[in-house]
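Sequential numbering from 1 along the given sequence is applied to the chain's residues.
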Amino acid sequence: MASGKMASGKMCLRGNKEETAEWTALFINDLKTKHESLVFVKRMMAVAVSSITYLRGIFPEYAYRSRYLEDLCIKVLRENSNTAGANKVVKWMMGCFDALEKQYLQIICIGVYTDPEDRNCIIESYQFNFRYAEKGPEMDIL
């Protein structure tokens, strides 16, 4: 089995070819329909939020599952982990997906704090901007 190293120093073992092919198929290069665009934006948002929380060590390793895009290992939050905080983030994302489908969602802001108890010192923040084009939803990340 081949392995890849994550930026945080954690190891990610390579999945089987079926798992890799399935995940790669989810990231279509040429989006032709509104539905394909919607699915793509949802997946990118899930990957971005999961990557932020994973690389910052916000939740334990078991709160994530490994997915592979070609040779790249991606950690994605599990829907039902034993971590209350991770479950809240997943439920929050599901609510965002619902708003995205209804074309209500415009902006999502995520902040990473130095101390979870002190909300005054954000060390990094991410802003997801959504717009709705004729070909489907689009997303920018700042």
- Message: Using the rule given for side-chain contact (heavy atoms from CB on, under 4.5 Å), can you reason through Ile107 versus Gln127, listing the C-alpha separation, both sets of side-chain angles and the distance that settles it, and then say yes or no?
- Response: CA-CA 7 Å; Ile107 296 174; Gln127 181 174 312; 3.8 Å; yes
- Message: Show, in sequence, the C-alpha distance, side-chain angles and deciding distance for Val112 and Ile122, and conclude whether the side-chain contact (heavy atoms from CB on, under 4.5 Å) test is met.
- Response: CA-CA 6 Å; Val112 179; Ile122 296 176; 5.8 Å; no
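In terms of hydrophobic clustering, with Ile, Leu, Val, Met, Phe, Trp and Tyr side chains grouped at heavy-atom distances under 4.5 Å, Tyr62 and Ile58 are assigned to different clusters. Cluster membership check: Ile123 shares its hydrophobic cluster with Leu55, using side-chain heavy-atom separations under 4.5 Å among Ile, Leu, Val, Met, Phe, Trp and Tyr. Tyr104 and Val41 fall into different hydrophobic clusters, where Ile, Leu, Val, Met, Phe, Trp and Tyr are joined by side-chain heavy atoms under 4.5 Å apart, directly or via other members.
With sequence neighbours left out, Glu101 forms a salt bridge (Lys or Arg N to Asp or Glu O under 4.0 Å) with Lys42. With sequence neighbours left out, the ring-ring contact (aromatic ring centres under 6.0 Å, His included) criterion links Phe128 to no other residue. Applying the side-chain hydrogen bond (donor to acceptor under 3.5 Å, both in side chains) rule to Gln103 yields no partners; only residues at least two apart in sequence or on another chain are considered. Partners of Asn80 by side-chain hydrogen bond (donor to acceptor under 3.5 Å, both in side chains), not counting sequence neighbours: none found. For Arg56, the salt bridge (Lys or Arg N to Asp or Glu O under 4.0 Å) partners are Glu124, not counting sequence neighbours.
Annotation: side chain of Phe130 is in contact with side chain of Met45 (closest heavy-atom distance under 4.5 Å). Here the side chains of Arg43 and Val39 are in contact, with some heavy-atom distance below 4.5 Å. Counting heavy atoms from C-beta on, the side chains of Ser50 and Ile52 never come closer than 4.5 Å. Residues Lys75 and Glu61 meet the side-chain proximity criterion, which asks for heavy atoms closer than 4.5 Å. A heavy-atom distance below 4.5 Å is found between the side chains of Met139 and Met44.
Distance alone, capped at 3.5 Å, is enough to place a donor-acceptor pair between the Tyr132 side chain and the Leu105 backbone. Judged by distance alone, the side chain of Ser37 and the main-chain N or O of Pro137 form a donor-acceptor pair under 3.5 Å. Distance alone, capped at 3.5 Å, places no donor-acceptor pair between the Arg67 side chain and the Ile74 backbone. Remark: side-chain polar atoms of Ser81 are paired, donor with acceptor, to backbone N or O of Thr83 under 3.5 angstrom. No donor-acceptor pair under 3.5 Å is formed between the side chain of Ser51 and the backbone N or O of Ala48.
Heavy atoms from other residues, nucleotides or ligands lying under 6.0 Å from CD of Glu138 number more than 12.
For the atom pair CG (Asn129) and CG (Leu142), the distance works out to 5.0 Å, reported to the nearest 0.5 Å. Going from atom CG of Asn82 over to atom CG of Asn87 covers 8.0 Å, rounded to the nearest 0.5 Å.
Ring geometry for Tyr64 against Phe59 counts as tilted: the plane angle lies between 30° and 60°, on a 0 to 90° scale.
In terms of heavy atoms, Arg131 sits closest to Asp140 at NH1-OD2, 2.6 Å.
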Enumerate donor-acceptor pairs with a distance under 3.5 Å from any side-chain N or O in residues 91-98 to protein atoms, sequence neighbours excluded.
{"residue": "Asp98", "atom": "OD2", "partner": "Lys102", "partner atom": "NZ", "Å": "3.2"}

